[in-house]
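Okay, structure first, notes after.
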Amino acid sequence: MTLSLEELQQIARIEKDRREGFQHRIKICVAAGCLSCQSATLKEAMEKEVSRRGMENWVDVKGVGCLGLCTAGPLVFVEPDGILYQGVKVSDAGPIIESLGAEPIDALHCSTDLPFFARQHKVVLENCGRIDPERIEDYIAEGGYYALYQALRNMTPREVIQEITRGGLRGRGGAGYPTGLKWTTVAKAVNATKYVICNADEGDPGAFMDRSVLESDPHRVLEGMAIAAYAVGAAQGFIYVRAEYPLAVKRLRTAIAHAERLGVLGNGIFNTRFRFDVRVRLGAGAFVCGEETALMASIEGRLGKPRPRPPYPAEYGLWGCPTLINNVETFANVAPIIRNGGAWFAGIGTETSKGTKVFALAGRVNHTGLIEVPMGTMLRDIVFEIGGGIPRGGRFKAVQTGGPSGGCIPEQYLDMPVDYESLAEAGSIMGSGGMIIMDESSCMVDVAKFFMEFCMSESCGKCVPCRVGTTQLYHLLCKITSGAAQPSDLDKIEELCDLVKNTALCGLGQTAPNPVMSTLHYFRDEYTAHIEDKVCPAKACKMQPAKEVV
Amino acid sequence: MTQTAADASQSVQTNPKQSQDRRWRSVNRTIRLNGNQPDALIETLHAVQESFGYIDLDAMQYVARELTVPLSRVYAVATFYHYFTLKPPGDHTCVVCMGTACYIGGSTAILDSIHEGFGISPGETTPDGKVSLLTARCLGSCGLAPAAVFDGEVAGKLDAATVVEKIARWADHDSES
Ligand SMILES: Cc1cc2nc3c(=O)[nH]c(=O)nc-3n(C[C@H](O)[C@H](O)[C@H](O)COP(=O)(O)O)c2cc1C
Ligand code: FES
């Protein structure tokens, strides 16, 4: 079965007419955050209230993806009035329906003029919170799959890659490798079979961007993958998702089934000779499987252990075939670039970092949730404007980016634009987009220990520097936080960091010392306070009584 | 003579896997959907764990045979990935998130108080087999940190007292009935 442009446009038209037919549309967030605040029950209650009043024909109730401000869930958005309600309880369902077309309910009202909303620029998240992730028609009504049509029917694979290159898109999985360049390499590789993989392992503990995109707008990722497959000459795709994200897995599977039924996946898409199939593969809780060579081993059903590169996956990947592997957010940027042109994309962001970036704001900040800002936005604006500052009058101490591979950025760097280069200069990395804000109650040595414990237990054990080095570093850090360390231990730590960084096999080990090195660089006094004065300035560590160590 | 009888009963023991038991049927469906391919090993182990709650030696042997992979590899994979467990879980499970956001939000204190109240550490089950405690690396609900999962239901913005109370309710409720 295959689809024509007219049919695609017709689906969009019917869906738009259907929407117009409703006087009011109530959108309830049913992404993970709000679901854990019982938004599913709320949706049922809302539907019941509507049908009890016999208003089904002019009030539409639908579940949508993440509305962003997860702290204030469950969130409800009323259209066309544009009213956002926060912290909505089941008992509020009736009153909200009553208020339709009249004055909004003040007590629940959440202003959308807040900097949290006003300062954002949505490209990747443009449909999040607007469409029902389980209905392909909703995605098509927003222009979905039109970029795929354009690419397949009006562009050569080469032109597609040129457009991506012109846009200056860089990988959102952490390292920021130019996407156009990666696609070119895979396209050039000569082999009958090639693969496209979407990395949805999202290992950084404290980040949930990819999860939200998959839960809120799964078709966007599928469309990006299909365009990529056309550009590089692949016919089979895999999405590797963490098993810890059951809802994302479910919605992806639904999306794939719908796309196949409609003919935007499968054989002869849009009456061309291009065919593309996608399969979901589950991870099983191993951080190292986010690393591309380990990920491929895991898809092959083996132990997720990395191997040395080169050869890179672009030449020798899944089952030895040339393989393109990109992150969820990278793929999510593809369709808009094809639709609006590379020049449009390159117009957003900074000289070297184009487009927008999605961040997961969490930790000691008032507005936790999902945000998307142009690259180059000041860190201060993210924390204090969009994030609304530190709760309970606390004092900002540091922001952690890049997870276990990143570092802590102190106050003096707050006026720094957030892009790949600036973050690296400050001793951290962009990473996948986790941003954890810390206040005075966090002990930086303990934070470093937390990440080292993570790397130690996630080390796959294949190479000695990582397996043994992270364990030794962890024990040294434990010594410090328990008040048993000597000044010479700091030298040992620095020496070990250097060794692990330079000799480990894969990115996990190579970057594992980063949290230690960056905290040691900016917060050395906290380390010395633990070692020399046997006190934890943040009062977070349980120090042994001083007499034991004298 | 007795030897062969034992052998026979063993093969009978594996036969139900092909037929009636609903749990094995779901495992077999996964195997079939993937064409008995060895690369579906992880997928198949997921199916086993979903059906039975854990993966035992018997299941590993069965999977090894069906996918024609060495038992050593099945064991290696089942123990490499943290998501798989070889121990049967308790009647109820509590998974406390130890991701960065939850750690900053105070999940260490939650673990401490569970240990204090029920004497279990992550990975352990209470002696009466009622409650298992596990930890996770980020549930993706960081906006609601600290978060935990109680029998499959995610709850956010927790504190130590609330968590202990929830677990205590499990323990009490079940002992009454
Ligand atoms: C230890 C480790 C963990 C990683 N985890 C992830 C991850 O969770 N998600 C991801 O997209 N990339 C992850 N990466 C990066 C991938 O190896 C790879 O570079 C990326 O998927 C490429 O996609 P991109 O070019 O679109 O960024 C990880 C790398 C390392 C070394
Ligand atoms: S860190 Fe706990 S949910 Fe993400």
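In what follows, chains are A, B, ... by sequence order, proteins preceding strands, each numbered from 1.
Proximity to chain B (any heavy atom under 4.5 Å) is shown, for A:Ser298, by both the backbone and the side chain. Within the 4.5 angstrom heavy-atom criterion, only side-chain atoms of A:Arg279, from C-beta onward, approach chain B. Of the atoms belonging to A:Phe454, heavy atoms from both backbone and side chain fall under 4.5 Å from chain B. Proximity to chain B is absent for every atom of A:Gln400, based on heavy atoms less than 4.5 angstrom apart. With a 4.5 Å cut-off on non-hydrogen atoms, B:Ala76 touches chain A through its backbone and its side chain both. Proximity to chain B (any heavy atom under 4.5 Å) is restricted, for A:Arg242, to the side chain, taken from C-beta onward. Proximity to chain B (any heavy atom under 4.5 Å) is restricted, for A:Cys37, to the side chain, taken from C-beta onward. Only the side chain of A:Val288 comes within contact range of chain B, judged by heavy atoms closer than 4.5 Å. Interface residue A:Ile437: only backbone heavy atoms are found under 4.5 Å from chain B. Looking at A:Ser442, the atoms closer than 4.5 Å to chain B (heavy atoms on both sides) all sit in the side chain, from C-beta outward. With a threshold of 4.5 angstrom between heavy atoms, A:Asp439 does not approach chain B through any atom at all. With a threshold of 4.5 angstrom between heavy atoms, A:Leu303 approaches chain B through its backbone and through its side chain. Only the backbone of A:Ile299 comes within contact range of chain B, judged by heavy atoms closer than 4.5 Å. For B:Arg137, the parts sitting under 4.5 Å from any heavy atom of chain A are the backbone and the side chain alike.
Atom OH of B:Tyr75 has 12 or fewer heavy atoms from other residues, nucleotides or ligands within 6.0 Å.
Applying the ring pair (Phe, Tyr, Trp, His ring centres under 6.0 Å) rule to A:Phe359 yields no partners; only residues at least two apart in sequence or on another chain are considered. With sequence neighbours left out, B:Thr135 forms a side chain to side chain donor-acceptor pair (under 3.5 Å) with no residue at all.
With a 6.0 Å cutoff to the six-membered ring centre and a 45° limit on the axis angle, A:Arg211 does not count as a cation-pi contact of A:Phe208.
Relative ring orientation between B:His92 and B:Trp170 is described as parallel, the plane-to-plane angle staying below 30° on a 0-90° scale split at 30° and 60°.
Of the residues considered (A:Ala540, A:Ala360, A:Ser457, A:Gly206), A:Gly206 shows the highest number of contacts with chain B, using heavy-atom pairs under 4.5 Å. Taking chain B as the reference chain and counting heavy-atom pairs below 4.5 Å, the highest number among A:Ala248, A:Gly73, A:Ser36 is found for A:Ser36. When the candidates A:Asp210, A:Asp204, A:Val447 are compared by the number of heavy-atom contacts under 4.5 Å with chain B, A:Val447 comes out ahead. When B:Gly99, B:Cys142, B:Ala147 are compared by the number of non-hydrogen pairs under 4.5 Å with chain A, B:Cys142 comes out ahead. No other option in A:Phe450, A:Trp319, A:Phe287, A:Tyr245 has as many heavy-atom pairs under 4.5 Å with chain B as A:Phe450. For the set A:Ala362, A:Gly363, A:Gly403, A:Gly304, the entry with the most heavy-atom pairs within less than 4.5 Å of chain B is A:Gly304. Of the listed residues B:Tyr103, B:Phe80, B:Phe84, the one with more heavy-atom pairs under 4.5 angstrom with chain A than any other is B:Tyr103. In terms of heavy-atom pairs under 4.5 angstrom with chain B, the leader among A:Ala243, A:Cys70, A:Ala31 is A:Ala243.
B:Thr44 and B:Val27 make their closest contact through CG2-CG1, 4.2 Å (heavy atoms, listed as atom of the first residue, atom of the second, distance). A pairwise comparison of heavy atoms in A:Ile429 and A:Gly406 identifies CG1-CA, 3.9 Å as the closest pair. B:Leu144 and A:Gly33 make their closest contact through CD1-O, 3.2 Å (heavy atoms, listed as atom of the first residue, atom of the second, distance). Nearest heavy-atom pair, A:Cys541 versus A:Cys443, reported as atom, atom and distance to 0.1 Å: SG-SG, 3.6 Å.
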Let's go through A:Lys449 and A:Glu453 carefully: what are the C-alpha distance in whole Å and the side-chain angles of both, what is the deciding distance for salt bridge (Lys or Arg N to Asp or Glu O under 4.0 Å) to 0.1 Å, and is it a yes or a no? CA-CA 6 Å; A:Lys449 187 177 89 174; A:Glu453 193 274 331; over 6 Å; no
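For the atom pair CD1 (B:Ile104) and CD1 (A:Ile436), the distance works out to 7.0 Å, reported to the nearest 0.5 Å.
In this structure, A:Glu372 contributes its side chain and A:Leu125 its backbone to a donor-acceptor pair below 3.5 Å.
Between B:Asp151 and B:Lys166 there is no salt bridge, since no side-chain nitrogen of the basic residue lies less than 4.0 Å from a carboxylate oxygen of the acidic one.
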